[in-house]
Asker: 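Dropping the structure in here first, questions after.
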Number of protein chains: 2
Amino acid sequence: MPDSVDPDFAVAESMPEQLRLQNQLCFPLYAASRLVTRLYQPQLDRLGLTYPQYVVLMILWESAPLTVNEIGQRAMLSSNTLTPLLKRLEAQGLVSRQRDSADERRVVISLTEQGLALRGECECIPQTLFEQAGLNVEEALELKRLLDALLPGLERAVEGTA
Amino acid sequence: MPDSVDPDFAVAESMPEQLRLQNQLCFPLYAASRLVTRLYQPQLDRLGLTYPQYVVLMILWESAPLTVNEIGQRAMLSSNTLTPLLKRLEAQGLVSRQRDSADERRVVISLTEQGLALRGECECIPQTLFEQAGLNVEEALELKRLLDALLPGLERAVEGTA
DNA sequence: ATAAATTAAATCGTGCACGATTTAATTGCT
DNA sequence: AGCAATTAAATCGTGCACGATTTAATTTAT
């Protein structure tokens with residue numbers, strides 16, 4: 001044992017390699033996700049949106065009207081998260097919520113004229129942020145490819161343990 | 001215009017490519033991060049930990065004692081998130097919090113014997129989850145490499161807009 | 001020496017996430 | 001028809017995240 005004066009020597013010395021933050025895949029994933037959300041914020045603030053609200057709107061812009069569950073499948077969120085989020089979007093006049101008369105259990109979410117109009121405001125956001133983050137196109141595509149390949153296995157694993 | 005009966009035809013038709021969820025890098029990042037956290041939960045539940053608490057403990061296992069700010073730099077979290085989290089870890093008897101007598105502004109976080117002992121319980125978690133998610137080693141390494149390369153640019157961009 | 005600037009935590013308010021439960025509507029089964 | 005099982009949202013409770021502000025201690029520049 002070297003005559004180190006570092007009081008944490010004993011702790012660091014016995015730290016198993018696989019538990020070091022630097023060796024974990026989960027941490028950069030967690031950090032990158034939060035950083036990207038923070039990068040979106042200034043753009044979304046101007047529109048009065050949060051990042052999860054923006055995700056839900058992107059889903060609706062693509063396929064509205066949708067039920068809460070259908071949005072949930074696409075966003076991987078369930079009603080405990082979506083119901084209050086959708087109520088906030090409704091309060092902002094961006095979506096409307098109405099029970100499906102054919103099946104009263106369902107709530108159908110539609111875009112209002114205002115909600116649809118917001119799409120135009122958002123068109124430039126991805127490109128702006130892409131440049132702001134100084135992303136390399138090839139690396140970004142490769143990253144997306146790997147993440148898309150990872151997701152099905154993760155979903156299966158999460159279901160399996162539930 | 002085709003004689004589609006899809007009532008959403010008009011909406012989907014005009015959806016700009018760059019706003020489709022499928023074409024965004026941010027969404028798989030957001031989804032993967034949440035899925036990984038959910039995958040950790042069953043393992044961490046047994047120990048009474050949340051994923052962010054586990055991250056903070058990994059940091060402490062590597063370099064305790066640390067101030068709140070030092071933990072924050074490593075975890076990319078600040079006192080508004082860390083203070084309550086650390087109080088919960090303290091309430092569980094895993095860490096101790098004490099003002100630095102040399103600089104009363106600082107709060108030094110140390111591991112208790114119990115907090116240090118928990119490390120042993122966690123050694124197998126990364127390997128277990130890696131297998132549970134059916135991760136391919138090469139892809140995982142490549143993914144980690146890309147994410148690690150992405151983080152500095154994201155951090156710079158987030159600072160720049162603040 | 002002291003006032004201004006800086007730094008470190010804590011506090012506050014809002015909005016996710018998500019496990020668990022509840023409520024209500026529909027479907028399936030006899 | 002009628003009752004059990006299923007499904008869809010909503011509700012509840014806890015714990016992050018994070019912008020903004022506050023409090024208090026230290027540093028700096030007069």
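Values below: every heavy atom of this structure, side chains too, minus hydrogens, waters and symmetry copies. Remember, predicted model here, so these are calculated numbers, not experimental data. Protein chains get the first letters and strands the later ones, always in sequence-line order, with residue 1 at the start of each.
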Asker: Atom CD of B:Gln41 and atom C1' of D:dG15: how far apart are they, to the nearest Å?
Answerer: 10 Å
Asker: Contact class for A:Ser78 vs. all strands (heavy atom < 4.0 Å): base, sugar-phosphate, or nothing?
Answerer: nothing
Asker: B:Arg99 has an atom CZ; how far is it from atom P of D:dT23, in whole Å?
Answerer: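 Going from CZ in B:Arg99 over to P in D:dT23 covers 14 Å.
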Asker: Grab the CG-P distance between B:Leu49 and C:dC18 for me, whole Å please.
Answerer: 18 Å
Asker: Would you say A:Thr128's side chain and A:Cys124's backbone share a donor-acceptor pair under 3.5 angstrom?
Answerer: yes
Asker: For A:Leu85, report the nucleic acid contact type (base, sugar-phosphate, nothing); a contact means any heavy atom under 4.0 Å.
Answerer: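 It contacts sugar-phosphate atoms only.
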Asker: State whether B:Tyr40 and B:Arg38 meet the cation-pi test: NZ (Lys) or CZ (Arg) under 6.0 Å from the six-membered ring centroid, and within 45° of the perpendicular axis.
Answerer: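 Relative to the ring axis of B:Tyr40, which defines the angle, B:Arg38 lies outside at least one limit.
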Asker: Determine: side-chain N/O of A:Tyr51 to OP1/OP2 of C:dG15, distance under 4.0 Å, yes or no.
Answerer: no
Asker: Starting from the 5' end of DNA chain C, give me the residue, A:Ala102 or B:Val68, whose nearest nucleotide shows up first.
Answerer: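 Upstream on the strand: B:Val68.
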Asker: From the list C:dC16, C:dT11, C:dT26, which nucleotide is the closest neighbour of the side chain of A:Pro52?
Answerer: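 The listed nucleotide nearest to A:Pro52's side chain is C:dC16.
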Asker: Does A:Ser79 get its side chain close enough to the base of D:dA8, under 3.5 Å, for a donor-acceptor pair?
Answerer: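 Side chain to base: no pair present.
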Asker: Check the distance between D:dA9's P and A:Leu77's CG and give it to me in whole angstrom.
Answerer: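 One finds 14 Å between P of D:dA9 and CG of A:Leu77, rounded.
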Asker: Using a 4.5 Å cut-off on heavy atoms from C-beta on, say whether the side chain of B:Lys144 contacts that of A:Gln24.
Answerer: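 Sidechains of B:Lys144 and A:Gln24: no contact.
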Asker: Does A:Lys87 put a side-chain nitrogen or oxygen below 4.0 Å from OP1 or OP2 of C:dG15?
Answerer: no
Asker: Look at all strands and tell whether A:Thr37 reaches a base, only sugar-phosphate, or nothing, counting heavy atoms closer than 4.0 Å.
Answerer: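 A:Thr37: no heavy atom of the nucleic acid under 4.0 Å.
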Asker: Quick one: is B:Asn80 getting a side-chain N or O under 4.0 Å of the C:dA9 phosphate, OP1 or OP2?
Answerer: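 No, B:Asn80 has no side-chain N/O under 4.0 Å of OP1/OP2 on C:dA9.
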Asker: Are there more than 12 heavy atoms of other residues, nucleotides or ligands under 6.0 Å from atom CD of B:Gln22?
Answerer: no
Asker: Between B:Arg106 and C:dA9, does any side-chain N or O lie under 4.0 Å from OP1 or OP2?
Answerer: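 So the side-chain polar atoms of B:Arg106 never come under 4.0 Å of the phosphate oxygens OP1 or OP2 of C:dA9.
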Asker: Does the side chain of B:Gln53 get closer than 4.0 angstrom to OP1 or OP2 of D:dC16 through an N or O atom?
Answerer: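 Yes, such a contact exists.
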Asker: Can you tell me how far C1' of C:dT11 sits from CG of B:Leu86, to the nearest Å?
Answerer: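 Distance, rounded to whole Å: 15 Å.
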Asker: Quick one: is A:Thr81 getting a side-chain N or O under 4.0 Å of the C:dA17 phosphate, OP1 or OP2?
Answerer: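 The answer is no; no side-chain N or O of A:Thr81 sits under 4.0 Å from OP1 or OP2.
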Asker: Grab the CG-C1' distance between A:Leu39 and D:dA17 for me, whole Å please.
Answerer: 16 Å
Asker: For B:Asn80 and B:Ser78, does a side-chain donor sit closer than 3.5 Å to a side-chain acceptor?
Answerer: yes
Asker: Indicate yes or no: does B:Arg99 engage B:Glu104 in a salt bridge with an N to O separation below 4.0 Å.
Answerer: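 Result for this pair is no, no salt bridge flagged.
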Asker: Nearest of D:dG15, C:dG19, D:dA25 to any side-chain atom of B:Arg105?
Answerer: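 Given the options D:dG15, C:dG19, D:dA25, the side chain of B:Arg105 is closest to D:dA25.
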Asker: What integer distance in Å separates B:Glu104:CD from C:dA10:C1'?
Answerer: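 So the CD-C1' distance, B:Glu104 to C:dA10, works out to 15 Å.
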Asker: Measure the distance from CD on A:Glu90 to C1' on D:dA9 and round it to the nearest whole Å.
Answerer: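 Interatomic distance, CD of A:Glu90 to C1' of D:dA9: 14 Å.
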Asker: If you assign each of A:Arg97 and A:Arg34 to its closest nucleotide in DNA chain D, which residue comes earlier from the 5' end?
Answerer: A:Arg97
Asker: Indicate, with a heavy-atom threshold strictly under 4.0 Å, whether A:Thr50 touches base, sugar-phosphate, or nothing.
Answerer: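 Here A:Thr50 touches the backbone only, sparing every base.
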Asker: Let's see if you can work this out: which of C:dA10, D:dC18, C:dG15 has an atom nearest to the side-chain heavy atoms of A:Arg88?
Answerer: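 Nucleotide nearest to A:Arg88's side chain: C:dG15.
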